[in-house]
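The analysis underlying the following values was restricted to heavy atoms, covering all of them including side chains, and did not include hydrogens, waters or symmetry mates. Note that ligands are numbered from 1 as they come in the structure, with each ligand's atoms numbered from 1 the same way. Along the sequence shown, residues carry numbers from 1. Everything numeric in this text was worked out from a predicted model, so none of it was measured.
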Amino acid sequence: MKNIIFIAAPAAGKGTVSKKLVDEYGYLHISTGDLLREVIATGSELGIEIDRIISSGNLVPDDLIFRLIEERIQADDAKNGYILDGFPRNIRQAMGYEEILKRLNKELGIVIELDVPKSILRDRVVGRMLCRECSSIHNILTGEFTPIKEGICNNCGGELYKRGDDNEESFNARYATYLEKTKPLIDYYQDKGCLYKVTGTKAPEVLKSVEVLLND
Ligand code: AMP
């Protein structure tokens, strides 16, 4: 299976599409945001520092991200193909990643840009609620999986919570960071001939377009 890199603004649906690809094709999903939140959850000094950076909408230092990625893609469960969600986030990370791949004798695969209008992204972020038990994503603004009972997961009855960075101010900062740092990656990968663009706001149609690319 081809490795996949998703390039997309916050809440464009990388996580949702990735989950489907994991369930249906057996991909490993590697989200640098999730890896960082695992470090935060340990309560270590490093975790506290990462939490501060993430909450401000800025990017965590590249070298820490390289360490997390290099370790994760070498694990046994990454052998059959993996999805990078949230990495690389800037040109320096893209170049560092190529060095890691060369060292490990691995292929880049394909890069998929998910293109979603800003106003939809804003509502997805500001209205997003996650389940503490099963991690399923709900939304109180967009009509996409609205909680039937306030604060309670539709799937398993677990408690819903908001991520620390899912608010208007942080969204604006993250979106600005995306435009400034991550969007240039689109030209970078286009020049390398491995970029594909998928437009759409509904998960099933986005998934279908991605599947076409994977089976090409
Ligand atoms: P995400 O879950 O992908 O939206 O990531 C949440 C936050 O984690 C981002 O706003 C960044 O602060 C940080 N983060 C995630 N991935 C990276 C990365 N590749 N480089 C630097 N910071 C990252």
- Message: Side chain or backbone, does N58 bring an N or O within less than 3.5 Å of an N or O on ligand 1?
- Response: yes
- Task: Measure from NZ or CZ of R132 to the centre of the six-membered ring of Y161, then state whether that distance is under 6.0 Å and the direction lies within 45° of the axis.
- Result: yes
- Structural part of I65 in contact with ligand 1, heavy atom criterion under 4.0 angstrom: side chain
- Could you list the atoms of ligand 1 found under 4.0 angstrom from a heavy atom of R37? 2 (O), 6 (C)
- Indicate yes or no: does K208 engage E205 in a salt bridge with an N to O separation below 4.0 Å. no
- Task: Of the side chain and backbone of R163, name the one, both, or neither that has a heavy atom under 4.0 Å from an atom of ligand 1.
- Result: side chain
- Begin from the C-alpha positions of I53 and E49 and carry the test side chain to side chain contact (heavy atoms under 4.5 Å, CB included) through to its verdict. CA-CA 6 Å; I53 297 171; E49 174 63 10; 3.9 Å; yes
- Note on the structure: Counting from 1 in the order shown, the ligand 1 atoms closer than 4.0 Å to a non-hydrogen atom of Q93 are 18 (C), 19 (N), 20 (N), 21 (C)
- Message: For a 4.5 angstrom cut-off between non-hydrogen side-chain atoms, does I65 reach L36?
- Response: yes
- Query: For atom 8 (O) of ligand 1, what's the nearest protein heavy atom and its distance?
  - Reply: I54 CD1, 3.4 Å
- Donor-acceptor pair, T32 side chain versus G86 backbone, under 3.5 Å? yes
- Task: Mark up the atoms of ligand 1 that fall under 4.0 Å of a heavy atom belonging to L36, in ascending order.
- Result: 8 (O), 13 (C), 14 (N), 15 (C), 23 (C)
- Is R37 salt-bridged to D34, cutoff N-O under 4.0 Å? yes
- Task: Name the closest protein heavy atom to atom 10 (O) of ligand 1, giving the residue it belongs to and the distance to 0.1 Å.
- Result: R89 NH2, 3.7 Å
- Message: Less than 4.5 Å apart, side chain to side chain, heavy atoms only: is that true for K106 and Y97?
- Response: no
- Message: For D165, is there an ion pair with R128 - N to carboxylate O distance below 4.0 angstrom?
- Response: no
- Item | Nearest non-hydrogen protein atom, atom 19 (N) of ligand 1 | G86 O, 2.9 Å
- Query: For atom 22 (N) of ligand 1, which protein heavy atom lies nearest, and how many Å away is it?
  - Reply: V60 N, 3.1 Å
- Message: Any nitrogen or oxygen of T32, side chain or backbone, less than 3.5 Å from one on ligand 1?
- Response: yes
